[in-house]
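Here the structure is laid out as structure tokens; the discussion comes afterwards.
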Protein chains: 2
Amino acid sequence: MIRVAIFEDNKHLRETFRLLLDSAKGFECTGTYNDCNNLVNDLASHSCDVALMDIEMPGMNGIEATRLLKKHFPGISILIQTVFFEDEYIFNAICAGASGYILKSTTPDGYLEAIRDVQAGGSPMTPGIARRVLELFKDKLQPATPVQDYDLTVQEKKVLKLLVEGKSYKLIAADLFVSIDTVKTHIRNIYSKLHVHSGTEAVSLALRDKIV
Amino acid sequence: MIRVAIFEDNKHLRETFRLLLDSAKGFECTGTYNDCNNLVNDLASHSCDVALMDIEMPGMNGIEATRLLKKHFPGISILIQTVFFEDEYIFNAICAGASGYILKSTTPDGYLEAIRDVQAGGSPMTPGIARRVLELFKDKLQPATPVQDYDLTVQEKKVLKLLVEGKSYKLIAADLFVSIDTVKTHIRNIYSKLHVHSGTEAVSLALRDKIV
DNA sequence: ACCACAATAGCGAAATAGGGTGAATTCTGA
DNA sequence: TCAGAATTCACCCTATTTCGCTATTGTGGT
């Protein structure tokens, strides 16, 4: 028997879900809630295995709720169901700890199967969502394409690296066994190539574009 | 009609896949290959929509092959099918550009559905794989635990943020509508809390520990 | 031989940053 | 309401940085 809690602000949908679960074999609806403003208390008194979570709700939204719920009840699996296809939502929902993400266009049977999947340790996703997840995954984890390499010379890269480490001109000169004036020259050239005008800017750019 | 190429080193499986595709409606097998050592030529002469790709193969493995294939034929969708459940494989396969990842324990009908899914722009994954993907996603993208928060005050954080953007004291003062001496004070306090002694060090630390 | 360029070095001026000290005001939690 | 924190500002002095220009040496390519 899979115990399911429903969080959905649309009254009609909420009732539909309850009916669906009550009439299906192996499911039990432990409660329906139209917002997450009493989330922790709600679930403390009526524990469940899976929470079916809408994103768009008055007050706390489903993603914040997911985060909160995972913090207080790590054992509960959360299945996000929404009309939103946006990357930002998908991304945040996953990071918040959602175990599945399905669109509201899913059929009733699809809902039941998704809940079963989640309970079995799987992560059901609408096919299109899965594709978005993989794309996001690639984009964010791909060795951050060094957009430009700025044509820094070997020595300039060394200087920049030391600059990133927070060293002063004097220390950089000592590290590289050159005079401080040479360091000045290199830094001048680095700034020119990077189109920046200060050490902080250069460090920022170097770290963001991973030139070091 | 979905045109499918099969890459699988096990002869028996290879033949089974061909039979499965030939006997199923809407599928066409454009070729079966026991390795990827002639990948580009193979597919140049027999184009396809979906490549069913094994990971473990003699010579080039399925993940390298995926990368290569995506480079030469970006339009072809790749469905990985393997016995490996390891995170490393999943991770690399996705980064290489795979559109789906199913285990060999999948049923024949499951295979056909997965291929249909891929062709339709979805990303079929064995439920357990999907869960691993989400976990990996979270682990790798989670705002890398801010080890310390250094107890910066609101204003100090603002100043640090602007410092990271490469602004000078003067510009920071202008941005925050305060005097330059106030900015100096804040920066003094920031340096003290961060245990650094220069802007470049502070920016470096701020970016690495994601305090901004 | 000539050129481009990396790497080195120097000088000087002006701007910016860093640190010491002190102090007023506002906010905030106990 | 009272202590402490946060925010604000001032003045002084020194160190560092930034940027202008110039110049020598070595190296690789045409």
Side-chain angles (χ1 to χ4, degrees), chain A residues 37 40 60 68 71 146-212, chain B residues 143 146-212:
Chain A
N37 302 328
V40 179
M60 183 184 300
L68 189 66
K71 195 166 144 194
V147 193
Q148 307 175 51
D149 70 344
Y150 298 99
D151 276 323
L152 293 188
T153 68
V154 179
Q155 203 68 353
E156 282 163 0
K157 276 184 190 155
K158 281 190 201 165
V159 171
L160 182 53
K161 189 167 151 54
L162 292 167
L163 204 58
V164 167
E165 286 169 18
K167 310 217 171 184
S168 69
Y169 287 21
K170 209 187 285 182
L171 288 177
I172 295 175
D175 267 35
L176 298 180
F177 303 108
V178 296
S179 88
I180 195 167
D181 285 306
T182 302
V183 175
K184 282 189 195 178
T185 304
H186 286 314
I187 290 188
R188 211 160 333 116
N189 294 333
I190 293 171
Y191 286 3
S192 155
K193 288 181 181 177
L194 263 51
H195 302 296
V196 300
H197 306 87
S198 73
T200 51
E201 255 187 297
V203 169
S204 220
L205 193 65
L207 287 178
R208 289 203 196 283
D209 287 6
K210 300 213 196 300
I211 318 183
V212 284
Chain B
V147 192
Q148 306 176 51
D149 70 342
Y150 298 99
D151 276 326
L152 293 188
T153 68
V154 180
Q155 205 69 352
E156 282 163 0
K157 278 184 189 155
K158 281 189 203 167
V159 171
L160 182 54
K161 188 168 154 51
L162 292 167
L163 204 57
V164 167
E165 286 170 18
K167 310 218 172 184
S168 68
Y169 288 18
K170 207 190 284 183
L171 288 177
I172 296 175
D175 266 36
L176 298 179
F177 303 107
V178 297
S179 88
I180 196 166
D181 280 303
T182 302
V183 174
K184 281 191 192 178
T185 304
H186 286 313
I187 289 188
R188 237 198 313 266
N189 294 332
I190 293 171
Y191 287 3
S192 155
K193 288 180 181 176
L194 263 51
H195 304 297
V196 299
H197 307 87
S198 73
T200 51
E201 260 187 291
V203 168
S204 219
L205 193 66
L207 289 178
R208 287 202 199 283
D209 287 7
K210 300 212 196 300
I211 318 182
V212 283

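Order of the sequence lines sets the chain letters (A, B, ...), proteins ahead of strands, with each chain counted from 1.
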Item to check | salt bridge (charged side-chain N to carboxylate O under 4.0 Å, His left out) assessment of B:K167 paired with B:D175 | outcome: CA-CA 10 Å; B:K167 310 218 172 184; B:D175 266 36; 3.2 Å; yes
Checklist entry - side-chain contact (heavy atoms from CB on, under 4.5 Å) between B:L160 and B:E156: does it pass, once the steps are laid out? => result CA-CA 6 Å; B:L160 182 54; B:E156 282 163 0; over 6 Å; no
Item to check | Test side chain to side chain donor-acceptor pair (under 3.5 Å) applied to A:S179 and A:T182, step by step | outcome: CA-CA 5 Å; A:S179 88; A:T182 302; 3.3 Å; yes
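Here D:dC19 presents its C1' atom at 11 Å from OH of A:Y191, a figure rounded to the nearest Å. Put simply, CG on A:D181 is 12 Å from C1' on D:dT22, counting in whole angstrom units. Per the geometry, CD belonging to B:E156 stands 13 Å off P belonging to D:dA5, to the nearest Å. The CG atom of B:L171 sits 15 Å away from the C1' atom of D:dT18 (whole-angstrom rounding). Here D:dG20 presents its P atom at 8 Å from CZ of A:R188, a figure rounded to the nearest Å. Summarising the geometry, the separation between NZ on B:K157 and C1' on D:dT7 is reported as 16 Å, rounded to the nearest angstrom. We find that OH of B:Y169 is positioned 11 Å from P of D:dT17, with the value rounded to whole Å. We find that CD of A:E201 is positioned 14 Å from C1' of D:dT17, with the value rounded to whole Å.
Taking every nucleotide of DNA chain C with any atom under 4.0 Å from a non-hydrogen atom of chain B, the first and last of them, 5' to 3', are C:dT16 to C:dT21.
Comparing B:K184 and A:I180 against DNA chain C, the residue whose closest nucleotide sits nearer the 5' end is A:I180.
Nearest heavy atom pair, residue B:G166 against residue A:T200, reads CA-OG1, 3.5 Å. Smallest separation of non-hydrogen atoms from A:H186 and A:Q155: NE2-CG, 3.4 Å. For B:S204 against A:V164, the heavy-atom pair with the smallest separation is OG-O, 2.6 Å.
Residue A:K170 is in sugar-phosphate contact alone, with no base atom involved, counting any heavy-atom pair closer than 4.0 Å across all strands shown. Within 4.0 Å of A:H186, counting heavy atoms only, lies at least one base atom of the nucleic acid. As judged by a 4.0 angstrom heavy-atom cut-off over every strand, A:T182 is placed among the base-contacting residues. The residue B:T185 sits close to a base: some heavy atom pair falls under 4.0 Å.
Between the OG atom of A:S168 and the CG atom of A:L163 there is a distance of 9.5 Å, given to the nearest 0.5 Å.
Proximity of a side-chain donor or acceptor of B:K170 to a complementary backbone N or O of B:I180 within less than 3.5 Å is not detected.
For the helix from C:dA1-D:dT30 to C:dA30-D:dT1, the angle separating the two terminal helix axes comes to 60°, with each axis derived from five pairs and the value rounded to 10°.
Under the 4.5 Å side-chain criterion, counting only non-hydrogen atoms from C-beta, B:L171 is not in contact with B:L162.
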